[in-house]
Amino acid sequence: MAPCSRRRFLEIAGLAGGGLLLRPAWVKEAWAQQAPAEPRFLLMVYFSGGWDQLLALDPRDATLPAHQYVAGKVPTAGVYPAYDEAAVRDSAVAAVMQSTAGKGVQAAGGLTFGPAVTQSLLAHAADLSLVRGMMMDTLTHEVGRRYLLTGKFPRGLAASGSSLNTVVAAQSQSVLDLPNLVVNVEAYNADYPAFASPIFVRSATDIRAVLNPQSTTALKGSSEAVLEVYENGPERCGEAELDGEGLAAAFRDSRAQARKITNSAAGALFQFANPPPNTDVAELFTAFNLDPAKELNGMKARAALAAQALTRGISQAVSVTLADGLDDHFDLPGQHAASLSPGFHALGLLISYLKSKQVGTTGKSFWDCTTLFAFSEFSRTPLLNARDGRDHHLTGSCLVAGPGLKRGKVFGASTATGGMQVSNVDLATGLPVSTGGVSIRPCDVHATLLQSMGMDAAHLSNQSPRLLSGLLK
Amino acid sequence: MGTPHRGHVRGCLLLLVACSCMPLGGAPAPADGGLVGSAGAGPTVQVGVATPVLPLDHPPVVDPLAGTASAAARRLSVAQLKNSLPVVLRGHAWKVGNADGFDARAGTLGVPDYVSSVEENLESTPLYLKFMADMARDACNRAVTADAVQADPTQRAVLRFVEPLDTPTGSRAKVEENLRYLRLSFLGLRSEGTDDPALAQLRGLFEQAVAAAAGGNVPGRAHVLEGWRTVCVALLTSPEFHLY
């Protein structure tokens, strides 16, 4: 057995601090050989705070006695949709209750949605699929969020592994300006090259700051050329002393990548201002019905930013938060739908925009080449608490779509009784089974999405993921 | 922190057993002052300066990072950079508009706001390096421009041992001394002798930057200052400046 100091043991276990961009050879080899031939884009949409899936992706018929307080007793199914209470405070929910004869369940594209899902998203229901009854294994915001971002259960609160957007950007071997764009959400690069590292922005202003050099005159072009040769020269002794765990090498990689990021022509695409300064931006604002006087910091603006990055050759993978403040432990009926609906509306507009734009000369729209993963860190309890809110609930759901996935499919289910628990399912059909089934986990969803994109999921091997084969084409 | 080696625990137990077998007032101490088990009592554990305690069956320990000065390198935080820059550049800082650059770009650089994030990501990401490139160019431009009109060399940040008219060929010794000073001031690295490869690389950068700026003509003041700007940017965007 080879000698192994404690330091070496920690290196192998990947626990040593500082070497955050370790690049194990087996990872590089596995994915480098599988870059998909067709363009593949990823859109990850995060709803922050833990959504009420009764209002969103896993509704219940509010007219059924099992979902109502009868004679003061708790609903026998352990579920109280509270749609009527929400309708009193939210006119959009009230309109849905009216149109569904009080049930609150909206049917579209073979799927069912809660009353907070907007018409703009329902218009695309036939292209979407739902995963329900997903076991989150946590009720902690940070843990749930990071679990869904990376497909790996976090270590304490710390994310484990790279987020899905990083994996896709790396395996696409993307040469775009900002291959992995992240808008107001976390992302991680644990072991992929620097070019796939997430670029974090909060708004279009931030993207312009990223794409434009602060000054084009601080150094002459001739000096920049000489400097670039110097930067790419042999490693110096001082660097080598700092490179015990690859940190200096990673620094050099990132420095080279940073030079490629700067593209002031692309920066013009993100001049979100009032009035819009060019026809590109004006057309985008029109498509998203964006009022630049009031809505440049809202969810539609974030969706427009994501759309621009995907359709203008800037990014391969975009992650964006389209709803905030969903952690409603108090007075949920009074505010949750109002926080949730703008996110679904922005997502619907984003899908419409992706459908309207062609990918080069492929004859396909960007939507035809995009895989969607919309999620929240967990769901909320199916019964209201003593403060008219909903607390955290283990059974989650998510929205998926993509060229490698079936459409109009519901995969998995929460239980009809017992308060929306996880149902074990047959992975080949997605239907609940009483024996022999398994529960759906985030790593299973990640592996399935990657498989649908023709990409490798070996990085998830320590989670023992199972493919949701009933979702795959 | 890892859990104790089982081998380590076993070694300690064996040591206790060996000590309990020692004859009272008997065996002579070894030359290095270590303990010796009684003769013929089975395995002994020699403990001393030359023989550190290890489990008996432990293979030799080889440090794979032997010769490496820094065992656990990490990147400077944004706060450390913000505080360091005025020290290195004698009061000059990075500005974005009228604001301090580190404050203006704090969110994008990953500085925690303690609402949505509580810890800073200290990775040297492309995004981080892009903004550090902006920082270096802006700050070095300010520093060199100020140095060019500063009569007192002791108050200069970059042109400490040279004047704006000291060209690479005409004032080689002064250029060399200034480069040594900059490596020590910016990076904390001392260049000894005349054959330091890192110093030679930096000297080459300065010479090439001046020549490129001059475009084949005899270098003048503006070209020399451009050379020092380039050297300053190279130092502020080097791994040795950001990692420790």
Side-chain angles (χ1 to χ4, degrees), chain A residues 1-11 16-18 20-21 184 186 189 194-195 197-202 206 209-210 213-215 218-220 222-223 225-227 229-231 233-234 236-245 247-248 250-255 257-262, chain B residues 2 5 59-65 68-75 96 101 105 107-108 110 116-117 122-135 137-138 140-141 187 189 196-198 201-202 204-205 208-209 212-213 215 226-227 229-230 233-234 237-240 242-244:
Chain A
M1 192 171 79
C4 183
S5 67
R6 178 170 183 271
R7 180 190 306 284
R8 186 71 186 139
F9 169 78
L10 289 174
E11 273 186 326
L20 294 173
L21 292 177
N184 289 88
E186 297 170 26
N189 183 356
F195 77 87
S197 288
I199 304 290
F200 297 95
V201 298
R202 292 163 301 175
D206 281 358
V210 171
Q214 180 177 341
S215 164
L219 279 186
K220 292 177 182 295
S222 59
S223 305
V226 169
L227 180 59
V229 172
Y230 171 83
E231 288 173 353
R236 296 178 293 276
C237 182
E239 287 184 30
E241 289 187 346
L242 294 163
D243 206 20
E245 288 157 355
L247 216 59
F251 185 100
R252 287 169 66 107
D253 283 349
S254 292
R255 187 175 57 189
Q257 183 64 19
R259 279 191 175 273
K260 297 176 188 173
I261 285 176
T262 310
Chain B
H5 273 285
V61 175
V62 177
D63 185 353
L65 297 179
T68 306
S70 178
R74 57 186 299 171
R75 201 206 78 193
V96 174
R105 301 284 181 240
T108 314
S116 56
S117 63
L122 294 180
E123 286 183 63
S124 303
T125 61
L127 181 66
Y128 171 82
L129 267 298
K130 188 274 171 187
F131 285 117
M132 291 304 101
D134 286 346
M135 174 275 288
R137 284 152 179 77
D138 180 76
C140 289
N141 194 28
L187 308 182
L189 295 173
D196 183 342
Q201 283 185 327
L202 209 57
L205 173 68
Q208 289 164 30
E226 181 70 7
R229 276 192 203 94
T230 308
V233 170
T237 56
S238 66
E240 298 97 314
H242 291 266
L243 306 177
Y244 66 97

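Here is how names work: the chains are called A, B, and so on, in the same order as the sequence lines, proteins then strands, and each is numbered from 1. Everything quoted here is computed from the prediction, not taken from an experiment.
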Value rounded to 0.5 Å, distance of OH in Y128(B) from CZ in F200(A): 15.0 Å
Check against side-chain contact (heavy atoms from CB on, under 4.5 Å), E226(B) and S222(A): CA-CA 10 Å; E226(B) 181 70 7; S222(A) 59; 5.6 Å; no
From CA spacing to verdict: side-chain contact (heavy atoms from CB on, under 4.5 Å), L219(A), R229(B): CA-CA 7 Å; L219(A) 279 186; R229(B) 276 192 203 94; 3.8 Å; yes
Per-residue contact mode, A198(B) against chain A (heavy atom under 4.5 angstrom): both
K130(B) (side chain) donor-acceptor with A209(A) (main chain) under 3.5 angstrom: yes
Interatomic spacing from OG1 in T125(B) to CD1 in I261(A) - rounded to 0.5 Å: 8.0 Å
Interchain contact, D134(B) with chain A, by part (heavy-atom threshold 4.5 Å): both
Test item: R255(A) and P239(B) side chains (from C-beta on) under 4.5 Å apart, heavy atoms: yes
Side-chain donor/acceptor of S254(A) to backbone N/O of S124(B), under 3.5 Å: yes
Choice from D138(B), V233(B), L205(B) maximising heavy atom contacts with chain A below 4.5 Å: L205(B)
Heavy-atom proximity to chain A below 4.5 Å, by part of L187(B): neither
Among Q257(A), E239(A), R252(A), residue most engaged with chain B (heavy-atom pairs, under 4.5 Å): E239(A)
Heavy-atom pair of closest approach, residues A73(B) and L242(A): CB-O, 3.6 Å
Heavy-atom donor-acceptor pair, R137(B) side chain to S215(A) backbone, under 3.5 Å: no
Contact winner vs chain B - R259(A), K260(A), K220(A), E231(A), heavy-atom pairs under 4.5 Å: K220(A)
Heavy-atom proximity to chain B below 4.5 Å, by part of Y230(A): side chain
Rounded distance [0.5 Å steps], CG in L227(A) versus OG1 in T237(B): 5.5 Å
Minimum heavy-atom distance A194(A)-P126(B), with the two atoms named: O-CG, 3.3 Å
Close side-chain approach of Q214(A) and V96(B), heavy atoms under 4.5 Å: yes
